[in-house]
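Encoded as structure tokens, the structure appears first; notes follow it.
Chain letters run A, B, ... following the sequence lines, proteins first and then strands; every chain starts at 1. For clarity, every value in this text was computed on a predicted model and none was experimentally measured.
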Amino acid sequence: MRIGSVISILMKTHQSNSPITVGLFVTCLADLIRPQVAFAAVSLLESAQCEVRVPRGQSCCGQPALNSGDRANSIEIAKQVITEFSDVDYVVVPSGSCADTLKNKYPTLFSKDMRWARRAQKLADKTWELTKFLFEKVELKGIDAALDGVCTYHDSCTGLRELLIYEQPRELLKQVKGLRLKELKDSNVCCGFGGLFSLKYSDISTHLVSDKCTEICNSDADMVLGGDLGCLLNIAGRLRRDNKKARVFHIAEVLAGMTDGPAIGDPEESE
Amino acid sequence: MSEISSIQRVEFQDRVRTALNDVNLQRAMAKAKSGFVDKRLEAKSALPEFDQIRDAARDIKDHVLSNLDTYLELYEEKVIENGGHVHWARDAEEACSIIAEICKASGARTVTKGKSMVSEEMYLNPALEAVGMEVVETDLGEYIVQLAGETPSHIIAPAVHKTREQITDLFHEHHSPLGYTDRVTQREALVNEARSVLRERFVSADVGITGANFLVAETGANVIVTNEGNGDLTSSLPKVHIVTAGIEKVIPSLEDLSVLLRVLARSATGQEFSAYTSIYSGPRRPEDGEGPEAYHVVLLDNGRSSMLGGDYQSMLRCIRCGACLNHCPVYGAIGGHAYGWIYPGPMGSVLTPLLNGFDSAVDLPNACTLNGRCKEVCPVHIPLSDLLLKHRTEQHERKLTSATSRWILTAWTWLVRRPRFYQAVMAIPLWTMNRISRGSGRLRWIPFGRGWTDTRDFPVPSRKSFLRQWYSQEKGHE
Amino acid sequence: MSEARLEILNNIRKSLTAGEPKTSQRTSELRARLKYTAPQIQPGFTDDNLTRFCEKHVAVHGTYEFIKLVDIEAAVLKYLQGLDIDPQIHLGAGPCLDQVKWSEGVFTYKKSADKNTRVAVSEAFAAVAETGTLVMCSGSDLLPSHNFLPDDHIVIVDCDRIVRYQEDVWPLLRTGDHFPQRAINLITGPSKTGDIEQTIQYGAHGPRRLHVLIVKD
């Protein structure tokens with residue numbers, strides 16, 4: 001034990017001289033629907049001198065099972081994520097709700113299994129939502145992005161209430177040249193996504209996203225930004241159906257200067 | 001079991017659809033929407049100690065709950081000392097028959113009621129009417145709802161779902177026979193007309209029934225908080241006063257009351273303090289010139305004692321302020337009646353399955369986006385959204401959810417736990433969706449996703465997933 | 001009845017087995033907690049009691065004026081004249097109010113208010129600066145119907161009886177006579193309702209107006 005702890009101290013000293021390693025938890029929505037969000041996250045983390053790793057054995061954080069009350073399957077998925085991300089210094093997630101799953105939900109799954117409970121806690125302790133990590137942990141300065149236009153921001157519920165993400169994205173956006181942020185009325189009210197909720201209770205979900213889109217239109221912003229792709233797909237889907245003008249981007253895309261291509265739900269350039 | 005839940009699902013979804021298409025309801029809810037939220041925020045912001053007081057309020061309730069048997073005994077002792085009677089009811093039926101007996105024994109014909117959610121829980125009005133009593137609700141909102149033949153749609157604003165035009169119609173219909181033949185439409189005139197009609201009722205009632213916001217063990221008192229004063233007229237004028245309360249309502253002392261009062265009105269209506277906070281202990285004393293000759297308290301269990309010591313104990317802290325309803329986007333969209341029972345919104349979705357049985361309301365814990373706003377505003381820190389999630393777990397374990405959905409979750413878990421296979425499989429829908437969308441960036445229909453695409457486009461996925469792009473670009477990561 | 005009582009209490013005990021054990025020592029500890037209570041967290045404010053009381057009372061739509069003890073009758077009559085109401089009042093009692101010798105033209109009633117009562121004049125047991133609240137107790141000549149039935153409620157408050165916090169009232173009540181009184185009514189502004197379109201209307205069931213005469217000699 002003694003020797004072990006000496007070695008771990010030595011390793012920590014060694015680590016402090018090398019760049020910190022960040023495991024990117026891509027999230028299934030970014031992976032499948034909007035890869036640019038993940039590329040943007042990589043670019044931002046690298047500009048903050050992090051060594052980014054993308055473990056291949058990842059897919060989904062398990063929210064669909066967890067939020068359906070399916071603990072057994074949630075545990076299986078959690079074990080896989082814990083294992084895949086065991087050897088990085090930090091885990092960074094470009095989504096408040098997925099980050100919350102790793103950080104606050106996994107540790108509650110292993111009340112009867114101390115070994116896994118410890119491992120889950122270790123993962124929890126090193127997991128960060130992207131904007132929180134960039135602003136608080138690595139204090140990213142000198143973002144080299146420009147965007148001429150008025151943006152508004154939707155605060156996704158889980159990030160806002162469980163991880164207290166509010167000023168971090170706003171502070172980071174201040175560094176984007178030309179961007180003017182106009183606050184959205186009721187920016188802290190749910191957009192009606194809620195994962196499977198949007199399919200199971202689509203009438204209610206539609207009502208909520210309509211309210212959200214009305215406020216977005218009232219704000220007269222050119223763009224609406226957010227930190228959770230689920231909400232953004234919901235909002236973009238509704239705006240596109242109603243042929244509203246506001247374009248939708250994930251905040252990582254804006255911070256990384258990747259807004260030249262089509263916004264979420266917009267036609268491809270060649271069209 | 002799954003048959004039951006599928007019937008309920010249809011019922012719930014039907015109620016939701018009806019509510020969303022109800023023009024009057026939507027108009028009334030839109031009007032109420034930001035008022036409560038803004039006023040609460042204003043009141044909270046004006047009190048720097050708000051969060052500390054909230055913590056203290058939670059601690060008081062927790063302390064009581066973990067000593068509930070003793071506090072109930074101490075409370076009972078004091079009520080008896082004051083000359084009152086305490087009755088214990090295991091369930092709604094027992095409570096109703098106790099109250100009906102008291103009314104009958106006192107020779108009563110008419111009963112006035114102050115707003116009491118626990119009396120709604122026990123279906124008291126029909127039970128009293130069945131034994132020949134005339135029951136009159138006196139809280140203005142509750143009175144409106146009674147005239148309409150409905151139940152409250154909000155625990156502190158019972159008629160929040162009614163527009164002024166609807167109230168005008170109701171008053172005109174019901175007050176015309178009493179001589180109020182003019183059709184009044186203005187708020188002030190409507191309030192005055194109700195005041196005048198209900199005054200007659202107050203002074204002629206034989207029995208007054210109120211709820212209790214709190215029961216104080218120190219003095220054996222019930223506390224009622226109102227703005228109208230109807231609860232006080234109900235408590236003071238008739239010759240019998242009956243208090244109905246859940247067993248969780250007891251608190252230790254008047255000092256504890258002060259803490260709870262500081263969060264109650266602020267959370268409920270955004271007031272610092274309600275107009276009337278009244279503390280009633282027993283029947284009239286020898287020195288009193290007026291007041292009821294008899295004072296009865298009916299303590300209702302109805303499933304509460306079984307909630308103690310378990311995962312849902314924190315729900316018994318609830319002080320029925322309604323903040324979780326006011327801040328719930330789902331409640332704001334569908335109103336209270338769609339929930340199907342008397343407790344709506346987040347607190348109702350937690351409580352209804354606990355009081356009425358887990359299989360009685362399978363939809364309620366699921367019809368929530370887990371946005372957590374209810375938990376954020378609760379004055380006694382009930383983790384409402386976590387409790388809703390707990391319900392979902394319980395439903396899953398009791399197999400109250402459909403077999404298909406459980407099978408899909410297992411199949412999907414199997415797939416996501418095999419990431420390489422998952423990537424290969426997911427490439428098929430990605431390719432297909434891209435083909436169909438023809439570069440438009442959106443899909444107007446996706447299989448099994450009509451709930452989404454009926455009202456929203458679905459943004460088209462990438463041609464190639466991030467992980468596939470990453471690993472084809474950077475072989476070194478392999 | 002006793003069967004239900006036993007069953008409920010037993011069920012509570014069964015559910016709480018993991019909680020604090022029920023012993024006679026615990027019971028006496030809880031009894032002691034009821035006896036020796038102390039204020040918990042209270043909101044801080046810098047205004048003096050009188051200023052704060054007046055400010056909060058006005059904020060809830062109350063009106064007030066400062067008077068001398070000898071001017072109670074004159075103030076009441078002036079107020080009634082302003083509203084064009086005959087000087088017929090339901091009268092409460094209290095150290096200040098009891099000293100008033102009402103003139104012959106003023107009809108005072110020492111009886112319960114009824115549905116037609118226009119005016120009651122009462123004296124508050126105490127008042128709370130924190131929230132602008134009047135504390136009214138029932139008792140001999142102190143009739144709660146006066147607080148809730150008249151259109152106009154005039155309340156005398158002795159300046160020295162304005163305490164800072166609600167918690168300062170409880171010891172005054174405990175050490176007084178007849179505690180706990182049948183009715184302790186904390187009144188903060190006139191009666192109101194928001195039940196029609198969530199918009200405040202005054203005079204729901206109780207007084208439409210609440211006028212406070214603060215006695216300051």
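No side-chain donor-acceptor contact under 3.5 Å links B:R442 to the backbone of A:G265.
Residue B:Q395 does not touch chain A at all, counting heavy-atom pairs closer than 4.5 Å. Heavy atoms closer than 4.5 Å to chain A are found nowhere in B:W414, neither backbone nor side chain. If you measure heavy-atom distances from A:L66 to chain B, the contacts under 4.5 Å come from the backbone alone. Only the backbone of B:D454 comes within contact range of chain A, judged by heavy atoms closer than 4.5 Å. The contact between B:V460 and chain A is made entirely by backbone atoms, counting heavy-atom distances below 4.5 Å. Using a 4.5 Å cut-off between heavy atoms, B:E394 makes no contact with chain A at all. Looking at A:V42, the atoms closer than 4.5 Å to chain B (heavy atoms on both sides) all sit in the side chain, from C-beta outward. With a 4.5 Å cut-off on non-hydrogen atoms, B:N21 does not touch chain A at all. If you measure heavy-atom distances from B:K375 to chain A, the contacts under 4.5 Å come from the side chain alone.
Tested against B:D457 for a salt bridge (Lys or Arg N to Asp or Glu O under 4.0 Å), the candidates A:K244, A:R241, A:R238 yield a single pass: A:R241. When each of A:C190, A:C191, A:C231, A:S198 is tested with B:T369 by the rule side-chain contact (heavy atoms from CB on, under 4.5 Å), just one qualifies, namely A:C190.
Between A:I33 and B:P459, the closest heavy-atom pair is CG2-O, 4.2 Å. Scanning both residues, A:T206 and B:T455, for their nearest heavy atoms gives OG1-OG1, 2.8 Å. Minimum heavy-atom separation, B:L20 to A:I204: CD1-N, 4.0 Å. Across all their heavy atoms, A:H207 and B:A333 have their closest contact at CD2-CB, 3.3 Å. For B:Y422 against A:C28, the heavy-atom pair with the smallest separation is OH-CB, 3.7 Å.
A 4.5 Å side-chain heavy-atom check between A:Y201 and B:I334 finds every atom pair outside the cut-off. The shortest distance between side-chain heavy atoms of A:K200 and B:D363 does not fall below 4.5 Å. Under the 4.5 Å side-chain criterion, counting only non-hydrogen atoms from C-beta, A:R56 is not in contact with B:L467. Contact check for A:F197 versus B:N371: no side-chain heavy atoms found under the 4.5 Å cut-off.
Scanning residues 76-88 of chain A against chain B with a 4.5 Å non-hydrogen threshold yields A:E76, A:I77, A:Q80, sorted by number.
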Worked verdict on A:E162 versus B:L370 for side chain to side chain contact (heavy atoms under 4.5 Å, CB included): CA-CA 11 Å; A:E162 300 295 330; B:L370 299 178; over 6 Å; no

From CA spacing to verdict: side chain to side chain contact (heavy atoms under 4.5 Å, CB included), B:R373, A:V189: CA-CA 8 Å; B:R373 218 173 164 207; A:V189 175; 3.5 Å; yes

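Contact count against chain A (heavy-atom pairs under 4.5 Å) is highest for B:R463 among B:R463, B:M426, B:R418, B:H327. Note: B:V416 leads B:L415, B:I408, B:V416 in heavy-atom pairs under 4.5 Å with chain A. In terms of non-hydrogen atom pairs under 4.5 Å with chain B, the most contact-rich of A:T158, A:D70, A:V37, A:N188 is A:D70. No other option in A:S156, A:G195, A:A38, A:S97 has as many heavy-atom pairs under 4.5 Å with chain B as A:A38. Interface summary for chain A: among B:G372, B:A367, B:P365, the most heavy-atom pairs under 4.5 angstrom belong to B:A367. Heavy-atom pairs under 4.5 Å with chain B peak, among A:C157, A:P35, A:S202, at A:P35. Counting heavy-atom pairs closer than 4.5 Å to chain B, the top-ranked of the candidates A:A263, A:S205, A:A236, A:S210 is A:S205. Of the listed residues (B:Q423, B:R417, B:Q26), the greatest number of heavy-atom pairs within a distance under 4.5 Å of chain A belongs to B:R417. Note: A:P64 leads A:G192, A:P64, A:G62 in heavy-atom pairs under 4.5 Å with chain B.
Partners of A:K132 according to the salt bridge (Lys or Arg N to Asp or Glu O under 4.0 Å) rule, which considers only residues two or more places apart in sequence or in another chain, are A:E136. For B:S385, the side-chain hydrogen bond (donor to acceptor under 3.5 Å, both in side chains) test picks out no residue, with sequence neighbours left out. Shown here are the ring-ring contact (aromatic ring centres under 6.0 Å, His included) partners of B:W452, two or more places apart in sequence or in another chain: B:F458.
Of the inter-residue distances, the one linking A:S59 atom OG with B:F421 atom CZ reads 13.0 Å to the nearest 0.5 angstrom. Remark: A:E268 CD to B:S437 OG distance equals 6.5 Å, nearest 0.5 Å. Rounded to the nearest 0.5 angstrom, B:R406 CZ and A:N73 CG are separated by 11.5 Å.
Taking the six-membered ring where tryptophan is involved, the planes of A:F39 and B:W470 are tilted, since the angle between them lies from 30° to 60°.
Within 6.0 Å of CZ in B:R450 there are 12 or fewer heavy atoms belonging to other residues, nucleotides or ligands.
Between the side chains of B:R456 and A:N234, at least one donor-acceptor pair of N or O atoms lies under 3.5 Å.
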